[in-house]
Asks: 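Before I ask anything, here is the structure I am working with.
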There are 2 protein chains.
Amino acid sequence: MDKADESPRSGPAVAKGTVTQRAIERIKAMIAEGLLEPGQRLPTERDLAAQLGISRSSMREAIRALTVLGVVEARHGSGIYVTQLQAGDLLETFGVVADLSRGPRLVELLEVRRILESTATALAAARITPEQLAAVEGHLTAMNATDDPEEILAHDLAFHREIAAAAGNETMAAILEGLSSRTFRARVWRGYREEDAFARTRREHAAIHRALAARDPEAARAAAAAHVGEVEEWLRAQRSAGAPSSAVAPAPVRPAPEGP
Amino acid sequence: MDKADESPRSGPAVAKGTVTQRAIERIKAMIAEGLLEPGQRLPTERDLAAQLGISRSSMREAIRALTVLGVVEARHGSGIYVTQLQAGDLLETFGVVADLSRGPRLVELLEVRRILESTATALAAARITPEQLAAVEGHLTAMNATDDPEEILAHDLAFHREIAAAAGNETMAAILEGLSSRTFRARVWRGYREEDAFARTRREHAAIHRALAARDPEAARAAAAAHVGEVEEWLRAQRSAGAPSSAVAPAPVRPAPEGP
DNA sequence: CACCCCGAGTGGTCCGACCACCTCGGTGAC
DNA sequence: GTCACCGAGGTGGTCGGACCACTCGGGGTG
C-alpha cells in the first residue's frame, strides 16, 4: 500500500491501467484512508499532477471522474474540495442509471424501488414527527387541488421524499430519490395520465397518509407497496403489449421462461 | 432550443455549466434518445470534439466521466463504445459509495443491504433452480472446509452472489454486489474474526441454505435478515464503543510544500 | 491458401499557453 | 477606526498541438 508496491510477480511494470485510472485510485485511497477529510481542500491540479508524476491533463481527467462520482467538488478559481461524502453526494449518479435504463431494466428498477419504498414508509410510520406528517399532508392536499400534471408530479415526488426523510435513513432516501426523479417518473407518467389513474393514485396516496397518521407500520408498508406495485404492473403490461412508446427499445423480448 | 449558436462572444451564453459538463449531457442524451445503441461505436474523440465545437481535451474529460459511470467503454487503438447498459455496468460505481462510507453511513448502507438481501433471498427461495441451489451448497461446504479468512470471505461473497442471481433481478443483484464487495466487507471482517463469529456465521449461512432448499420464502427472508442484521448490530455496537479507527495507515506520502 | 508485416487510424499522454473566476490583502474615503 | 473598493496573484477551465502506444485490416510473401 506504500509507494513501491510489492507485486509478487510481474516485474517493475506496476502500471495496471491508464495513468488517469491510477490517479483516480490514488486520490480515492487518500480519502478512504483518512488522509483527506470531508470538506478539506486538495492540492492544486498542478501540484497533484507533479506529486503523482503525471501531466496536468491526465490529472484533470481524474479530477473530472471523481467529480461526477460526487467524491470531490471543483470550485472555479478557488480549488478542489472533498465533498461531505453524504449519501446525496455519492448517490447522485444513481439518477443516471434510471435515465439510461429501458425495457426489462425499468421493471427491475421499479421492483427495487417498491421494496425500499415500502420499508421506508413503514419506518416512517413509526418515526415520523408531527411536523413531517404535516408536510406530507400538505403535499397530499396540494396534489389533489390541481390538475396540472407537472405540479402533481412535483408534489408526488415531494410527498415520497418527505416520507423517505422521515424514515431516518439518508442513504435509503438518496437511493429512492435517484430512482424516482428525472425522466424516469416523467416517462412513466406520460401516457399514464391518459387512463383513470389519477383518482387511483390519489386514493393510494391518501391510504399511505392515513397509515402514517395512524402510526401503523404494517399498513404503511402495504399501502406503499401497492402504490409502487401499481405503476410496476402497468409498466410490465405496457411492455408485454405492443409497447407503442418510442421510449421502449425494440429489443427482442424473450418472455418465455424456462419450460418444463 | 438545443441548436445553439456557435458565437463564442456575443451575449447570453446558454451554457449552464462547463463545456465538459455540457458534452457529458449531450452524449448521455444521445444514448437516452436511442441515437446510440448499446455496443455501438461512437465517433472518434476528435470528431466528437469537432461536432460539439470544443477541444479534444474537454471532450476527453467528458469521455472519461462517462467511462467511470459505466456508460461507455474506451478501447485503446480501437474506439469508444457504448456499453450494454446492463445493471452491472451502470451500478459498478456503487462500490465507490461503500468504499468511502464511514461511521453512521456504514450502518445505513448495511440497513439497505439487509432489506434488499432479505427480499432477494426470499425471491430466490421461490425461484432457485436445482443447479443454482447446488452451487450455493457448494460455496457453503467450501466455506466450512477451510480456516483461511480470505477464502472464507470469497466463498461468503459467492454464496450471496449466487442467491442474488437466483432472485432473478439483475439490478438488485448488482446493487447487492456493490454493497457487499470490496473493502466494505473486508473492513468489517477484520477484527470481526477475532470473536466467535465464525461459528455463528456458518450457522446462519446453513439456515439460509436450509430455507432455500425447503423453498420457504418467509424462512429465507428471516434467515437473511438475521444474518445481515447480525453484522449490522455488531457494527453499530462497535461505533458506540471506543472504536479504534481502522482507517489509520502509515502515511506513505506527506507532501511538504516548499517554503517561501 | 496461410502467414506475416506494416501503415493508417485510434485512444493515451504530455506540454504550453491563455482565459475566467475567486480570494485576499492593501488602499483610500468616510 | 471602519468599511467599501480594487488590484494582483492563484486557481480551475479551455484550447491547440505534438507525440506515443495500441489495434486492426489489407497487401505482400512464403
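We name chains A, B, ... by the order of the sequence lines, and we start the count at 1 in each one. In this text the structure is predicted, and so the values were computed from the model without any measurement.
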Asks: Taking only residues two or more places apart in sequence, or in another chain, which ones meet S58(B) in a side chain to side chain donor-acceptor pair (under 3.5 Å)?
Replies: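 Listed in chain order: S55(B).
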
Asks: Residues two or more places apart in sequence or in another chain: which of them pass side chain to side chain donor-acceptor pair (under 3.5 Å) with E111(A)?
Replies: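 E111(A) satisfies side chain to side chain donor-acceptor pair (under 3.5 Å) with N169(B) once adjacent residues are dropped.
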
Asks: Just grab all the salt bridge (charged side-chain N to carboxylate O under 4.0 Å, His left out) pairs involving residues 169-180 of chain A, residues at least two apart or on different chains.
Replies: R161(A)-E177(A), E170(A)-R105(B)

Asks: Identify, with sequence neighbours excluded, every residue that meets side chain to side chain donor-acceptor pair (under 3.5 Å) alongside Q132(B).
Replies: T129(B)

Asks: Using the side chain to side chain donor-acceptor pair (under 3.5 Å) criterion, which residues pair with E45(A)? Sequence neighbours excluded.
Replies: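 With sequence neighbours excluded, E45(A) shows a side chain to side chain donor-acceptor pair (under 3.5 Å) to R56(A), R60(A), given in chain and number order.
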
Asks: Is the number of heavy atoms from other residues, nucleotides or ligands under 6.0 Å of Q86(A) CD greater than 12?
Replies: yes

Asks: Kindly list each side-chain donor-acceptor pair under 3.5 angstrom involving residues 151-158 of chain A, sequence neighbours excluded, with atom names and distances?
Replies:
unit_1	atom_1	unit_2	atom_2	d
E151(A)	OE1	T146(A)	OG1	3.4
H155(A)	ND1	H139(A)	ND1	3.2
D156(A)	OD1	H160(A)	NE2	3.2
D156(A)	OD1	H205(A)	NE2	3.3
D156(A)	OD2	R185(A)	NH2	2.6

Asks: Roughly what angle, to 10°, lies between the helix axis at the start of the helix from dC1(C)-dG30(D) to dC30(C)-dG1(D) and the one at its end, five pairs per end?
Replies: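 Inter-axis angle at the termini of the helix from dC1(C)-dG30(D) to dC30(C)-dG1(D): 0°.
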
Asks: Please list all pairs meeting ring pair (Phe, Tyr, Trp, His ring centres under 6.0 Å) that have one or both residues in residues 78-109 of chain A, counting only residues at least two apart or in different chains.
Replies: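 Matches after skipping sequence neighbours: F94(A)-F94(B).
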
Asks: Just how far, in rounded Å, is P of dT23(D) from CD of E73(B)?
Replies: 13 Å

Asks: Along nucleotides 6-14 of chain D, 5' to 3', which nucleotides get a B, which get an S, and which get a -, given that the test is a protein heavy-atom distance under 4.0 Å?
Replies: ----BBBBB

Asks: Rounding to a whole Å, what distance do you find between L48(A):CG and dC14(C):P?
Replies: 14 Å

